[in-house]
Amino acid sequence: MSLKLYNTRTRSVEAFAPLDPPRVRIYVCGLTPSAQAHLGHARSFLFFDLLRRYLIHLGFAVTYVQNVTDIDDRSIEAAIATGTDWRAIVQSYYVSFKTSMKRLGVREPDREPFATQFVPQICATIARLIEGGYAYVARDGVYYDVRRFDGYGRLSNRKLDELEAGARVEVGEFKRDPLDFALWKFAKPGEPSWPSPWGDGRPGWHIECSSMSHEILDPEGRGFDIHGGGADLIFPHHENEIAQSEPLMAHPPMANVWVHGGLLLFDSRKMSKSLGNFEPLADLLDRYDPQAVRLLFLQTGYSKVMNFTEESAAAANTALRRLQASWRKMHAAAGGPPLAIGKPPAPAALLERVERALDDNMNTSLALSELYAWPVDSAALGRDRAALQAALGEFSYALDLLGLTPDSSWLEEPRAELPADFFDRLRIALRAAQGDAAARVELDGADAEEAIARVIAARMQARATKNWAESDRLRDALARCGVVLEDSKEGTTWTIAV
RNA sequence: GGCGACGUAGCCAAGUGGUAAGGCAGAGCUCUGCAAAAGCUCCAUUCGGCAGUUCGAAUCUGCCCGUCGCCUCCA
């Protein structure tokens with residue numbers, strides 16, 4: 001068994017083999033922080049985080065690089081429009097993005113290069129392209145001469161002439177060919193700029209990825225293992241990266257395997273900065289458990305177009321709660337251990353099944369179904385503590401492998417926020433209950449938890465005397481305030497209704 | 001117009017030649033004073049439509065219908 005991945009470059013599923021085992025070098029196109037990150041970003045980076053986790057699990061020495069394109073036209077436009085410094089805009093979107101990634105449990109990249117920190121190297125790459133005849137200096141910048149590169153269009157399966165037909169040239173550009181793209185843009189007055197041999201300016205989009213991946217992952221020009229990004233980057237971004245990189249390489253291709261994540265639709269429409277039809281990721285993560293968002297994405301094949309709806313997110317949230325409850329139950333039955341997550345010893349039945357699924361081009365949907373089945377299977381172990389602990393250890397490890405890492409919050413019943421008008425509602429509900437004991441429940445001086453505890457205590461008294469009507473009235477009163485009671489042998493617990 | 005993806009139960013979704021995983025929702029049962037939670041059981045004779053290939057098709061081929069994406073900044 002071994003990992004197979006769909007390679008956009010060859011348009012086929014291939015056995016994954018590192019160029020220089022056990023090293024695996026991955027470059028993923030990161031964020032351009034000129035607007036709020038959205039759920040589509042989350043889907044993409046969540047997937048590459050998963051791929052990285054799995055490669056590490058398989059024993060590879062992974063170097064994961066994810067860039068930040070911290071200079072582009074849009075952040076400059078935004079700066080001019082709002083009268084702020086472009087750096088402040090970039091910084092604020094970047095910080096927000098990093099916070100969201102952290103909440104989603106996406107691990108930090110091994111390297112996170114910023115375009116503006118690599119300007120000298122970018123200029124060196126441009127100089128080499130000019131020397132080789134692949135680029136030329138025009139009035140408003142330095143351009144890549146697309147006609148000079150034979151392989152142009154191969155990744156995206158496009159023919160130059162067909163592209164030409166639909167191409168547009170923007171006013172004020174001085175390209176030789178409509179498909180030529182900027183490597184360096186000369187600065188207009190007031191725009192941020194860096195010095196270059198051709199004139200002060202800034203890097204064009206695309207060149208930073210060619211230059212930085214070369215510097216960090218592949219200084220010898222022999223290629224690295226995996227290049228990733230969203231499917232919308234195939235053309236023109238990745239096509240252009242290849243055009244910029246491969247003519248300068250000793251041994252192309254630039255990347256052995258190109259992996260692209262499917263786009264996310266929001267209410268059946270494409271999310272994009274220009275359409276503006278998206279909710280900022282940071283806001284969305286306030287409404288949904290980040291692990292539920294991860295679970296939602298695990299349910300769909302990574303390369304498929306996926307439609308986000310509130311309904312699907314809510315369903316994923318319920319599924320996560322059940323998974324957590326199953327884990328919690330196993331944890332209790334096994335009598336611990338605490339949350340340490342370690343690779344289970346072979347033979348590991350669950351892990352083998354999960355591996356079989358992930359090996360098949362990261363079939364997370366299938367892997368998830370194995371996870372759901374595991375607690376049920378493990379129930380057959382009865383009271384064999386050692387066996388239960390082993391099963392739990394394996395379960396935790398497999399969950400963590402998929403990024404659904406059990407943490408201390410998994411040990412506790414989930415507890416949502418009480419409604420803001422909880423006390424008012426409780427008073428009204430208790431008054432409506434009318435019973436003798438209900439009238440005696442004293443709420444003064446109690447916080448919400450204490451108030452609930454007092455109602456539960458009153459109900460326990462009622463139950464002790466088999467006053468079921470009173471008991472049910474008190475339970476219903478709490479239910480009207482969004483508090484659901486659960487009786488068990490250990491006593492009565494409460495949760496907040498979703 | 002060129003390139004591409006997709007259409008599987010009420011909803012989401014896996015499965016790419018051997019007789020339909022899983023999740024959510026729903027139903028029944030067990031447990032419970034009654035509930036809730038949990039566990040068990042059930043829930044597509046069928047995979048957009050029509051032809052064809054085959055012993056056998058959701059899977060392959062052709063045509064048709066429908067949805068979406070890329071070709072312009074995008075994860």
Side-chain angles (χ1 to χ4, degrees), chain A residues 8 11 13 28-32 34-35 37-48 66 69 72-74 77 153 156-159 161-170 179 205 228-237 239 260-265 268-275 278 281 295-296 298-301 303-309 311-323 325-326 328-329 357 360 363-373 375-376 379 413 463 466-469 471-472 475-476 479 484-489 492-495 497:
Chain A
T8 308
R11 279 186 274 284
V13 177
V28 172
C29 288
L31 190 75
T32 301
S34 56
H38 54 60
L39 237 206
H41 294 109
R43 185 188 185 196
S44 184
F45 298 127
L46 237 16
F47 170 69
F48 288 108
Q66 185 174 297
T69 302
D72 79 320
D73 293 354
R74 299 180 71 86
E77 285 165 18
S156 55
N157 192 28
R158 285 164 160 85
K159 294 184 181 64
D161 294 329
E162 285 163 0
L163 285 169
E164 199 94 328
R168 294 168 225 177
V169 189
E170 284 185 30
L179 293 175
W205 183 47
D232 52 346
L233 295 182
I234 296 173
F235 188 90
H237 185 56
E239 198 70 73
H260 291 99
L263 295 188
L264 185 78
L265 305 180
S268 302
R269 280 185 63 214
K270 191 203 148 138
M271 237 188 296
S272 77
K273 292 176 186 175
S274 55
L275 289 174
F278 65 87
L281 179 59
L295 183 67
L296 176 66
L298 288 171
Q299 289 179 141
T300 306
S303 62
K304 280 201 166 181
V305 174
M306 176 182 160
N307 188 24
F308 174 87
T309 63
E311 289 77 8
S312 61
N317 200 61
T318 306
L320 175 68
R321 297 283 166 255
R322 299 244 168 98
L323 203 55
S326 297
R328 193 160 48 241
K329 201 178 167 188
D360 183 14
N363 189 335
T364 52
S365 184
L366 195 57
L368 255 190
S369 70
E370 303 292 359
L371 251 45
Y372 288 119
V376 178
E413 296 285 338
R463 293 183 74 205
K466 295 197 191 301
N467 187 351
W468 307 124
S471 167
D472 290 348
R475 183 173 63 198
D476 292 346
V484 180
L485 297 187
E486 291 178 23
D487 297 328
S488 71
K489 291 182 186 71
T492 300
T493 59
W494 59 275
T495 55

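What you see below is based on every heavy atom in this structure, not just the backbone, and it leaves out hydrogens, waters and symmetry mates.
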Could you walk me through whether Thr32(A) and Asp72(A) pass side chain to side chain donor-acceptor pair (under 3.5 Å), step by step? CA-CA 8 Å; Thr32(A) 301; Asp72(A) 79 320; 5.4 Å; no
Determine the contact category for [X]: base if any of its heavy atoms lies under 4.0 Å from a base atom, sugar-phosphate if only primed atoms, P, OP1 or OP2 are that close, otherwise nothing.
{"X": "Val28(A)", "result": "nothing"}
{"X": "Lys329(A)", "result": "sugar-phosphate"}
{"X": "Ser303(A)", "result": "nothing"}
{"X": "Leu264(A)", "result": "base"}
{"X": "Asp487(A)", "result": "base"}
{"X": "Arg475(A)", "result": "base"}
{"X": "Gln299(A)", "result": "sugar-phosphate"}
{"X": "Gly229(A)", "result": "sugar-phosphate"}
{"X": "Arg43(A)", "result": "nothing"}
{"X": "Lys304(A)", "result": "sugar-phosphate"}

How many whole angstroms separate atom CG of Leu163(A) from atom P of rC71(B)?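 It is 10 Å, rounded to the nearest whole Å.
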Quiz item: [X] side-chain donor-acceptor pair to [N] base, under 3.5 Å:
{"X": "Asn317(A)", "N": "rC24(B)", "answer": "no"}
{"X": "Ser365(A)", "N": "rG15(B)", "answer": "no"}
{"X": "Asp232(A)", "N": "rG69(B)", "answer": "no"}

Identify which nucleotide among rA75(B), rG4(B), rC71(B) has an atom closest to any side-chain atom of Leu233(A), counting heavy atoms from C-beta outward.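 It is rA75(B).
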Any side-chain N or O of Asn307(A) less than 4.0 Å from the OP1 or OP2 oxygen of rC12(B)? no
